[in-house]
Amino acid sequence: MKDHASIKNDIFAAVNQGFDTRVHFYFCILVAVGLSKKQGRITSNRQKNAFIMKWLKNARRVVTFNPVASSEIDWLRAEILRNPPDRDPEPVLQLIYQTASEMKAQ
């Protein structure tokens with residue numbers, strides 16, 4: 001039977017792994033948006049929202065993200081649908097990624 005310290009370490013490792021996956025998820029979505037903008041496929045906030053919604057649908061199938069990022073996917077989809085189609089979601093994504101990256105570095 002595991003001792004208290006060993007169980008605590010296992011829990012900490014599991015939480016960190018989930019956090020790392022979430023940070024990686026936001027990094028990937030920001031890179032995908034940036035590349036699509038650079039390639040000229042995204043020229044408006046409506047196109048950006050449509051791209052992100054499609055990206056999220058595909059991300060749900062990616063083993064790297066699922067199931068840890070499932071709640072992030074659900075939240076982000078709801079956030080995009082809740083707001084006007086011309087609202088730019090990228091600043092929120094950048095804030096989340098930047099904040100999470102700073103927390104990870106501590």
Side-chain angles (χ1 to χ4, degrees):
M1 184 170 194
K2 291 186 173 187
D3 64 353
H4 180 72
S6 179
I7 293 171
K8 187 176 176 181
N9 286 339
D10 288 350
I11 292 170
F12 182 75
V15 169
N16 266 353
Q17 181 182 5
F19 187 76
D20 288 347
T21 300
R22 283 180 171 87
V23 172
H24 180 70
F25 169 81
Y26 282 103
F27 172 79
C28 289
I29 196 168
L30 286 167
V31 168
V33 167
L35 288 173
S36 288
K37 284 189 330 190
K38 188 173 184 174
Q39 295 169 350
R41 291 187 284 163
I42 295 176
T43 58
S44 70
N45 287 338
R46 282 183 186 253
Q47 288 176 334
K48 190 182 298 184
N49 282 320
F51 174 84
I52 291 172
M53 292 297 278
K54 186 175 181 179
W55 191 91
L56 292 170
K57 182 180 177 185
N58 292 331
R60 207 178 269 295
R61 297 185 208 136
V62 177
V63 176
T64 304
F65 298 137
N66 206 17
V68 174
S70 183
S71 62
E72 302 298 324
I73 292 169
D74 293 340
W75 176 82
L76 193 49
R77 286 180 51 82
E79 187 69 13
I80 289 171
L81 293 172
R82 184 176 67 82
N83 288 292
D86 288 328
R87 180 171 178 250
D88 186 0
E90 196 170 359
V92 172
L93 298 174
Q94 290 172 340
L95 178 64
I96 292 169
Y97 175 72
Q98 181 179 4
T99 304
S101 294
E102 289 169 4
M103 289 173 61
K104 185 179 171 187
Q106 292 178 353

Here the gap from Phe51 atom CZ to Lys37 atom NZ, rounded to the nearest 0.5 Å, amounts to 11.0 Å
Following the transitive rule for hydrophobic clusters with a side-chain heavy-atom cut-off under 4.5 Å over Ile, Leu, Val, Met, Phe, Trp and Tyr, establish whether Leu81 and Ile29 coincide in one cluster.
yes
Inter-residue atom distance Asn83.CG - Asp88.CG, 0.5 Å rounding
11.0 Å
Could you see if Ile80 belongs to whatever hydrophobic cluster contains Leu95? Use Ile, Leu, Val, Met, Phe, Trp, Tyr and a side-chain cutoff under 4.5 Å.
no
Aromatic ring proximity, centroids under 6.0 angstrom, Phe25 and Trp75:
no
From Arg77 CZ over to Ile52 CD1, what is the distance, rounded to the nearest 0.5 angstrom?
12.0 Å
Do Phe27 and Leu76 land in one hydrophobic cluster if side-chain heavy atoms of ILVMFWY residues count as linked below 4.5 Å?
yes
Just how far is it from atom CZ of Phe19 to atom NE2 of His24, taken to the nearest 0.5 Å?
14.0 Å
Could you go step by step and tell me if Leu30 and Glu90 meet the side-chain contact (heavy atoms from CB on, under 4.5 Å) rule?
CA-CA 8 Å; Leu30 286 167; Glu90 196 170 359; 4.1 Å; yes
Would you compute the distance between atom CG of Asn45 and atom CD of Gln47 and round it to the nearest 0.5 angstrom?
9.5 Å
Ignoring hydrogens and angles, tell me if any N or O in the side chain of Asn49 forms a donor-acceptor pair with the backbone of Arg87 under 3.5 Å.
yes
Find out whether Ser70 and Arg60 are in side-chain contact, i.e. whether some heavy atom of one side chain is under 4.5 Å from a heavy atom of the other.
yes
May I ask you to test the Asn58-Lys54 pair for a side-chain heavy-atom distance under 4.5 Å?
yes
Distance only, no hydrogens: is a donor on one side chain within 3.5 Å (strictly under) of an acceptor on the other, for Glu72 and Tyr26?
yes
Working to the nearest 0.5 angstrom, can you tell me the gap between Trp55 CH2 and Ile73 CD1?
7.0 Å
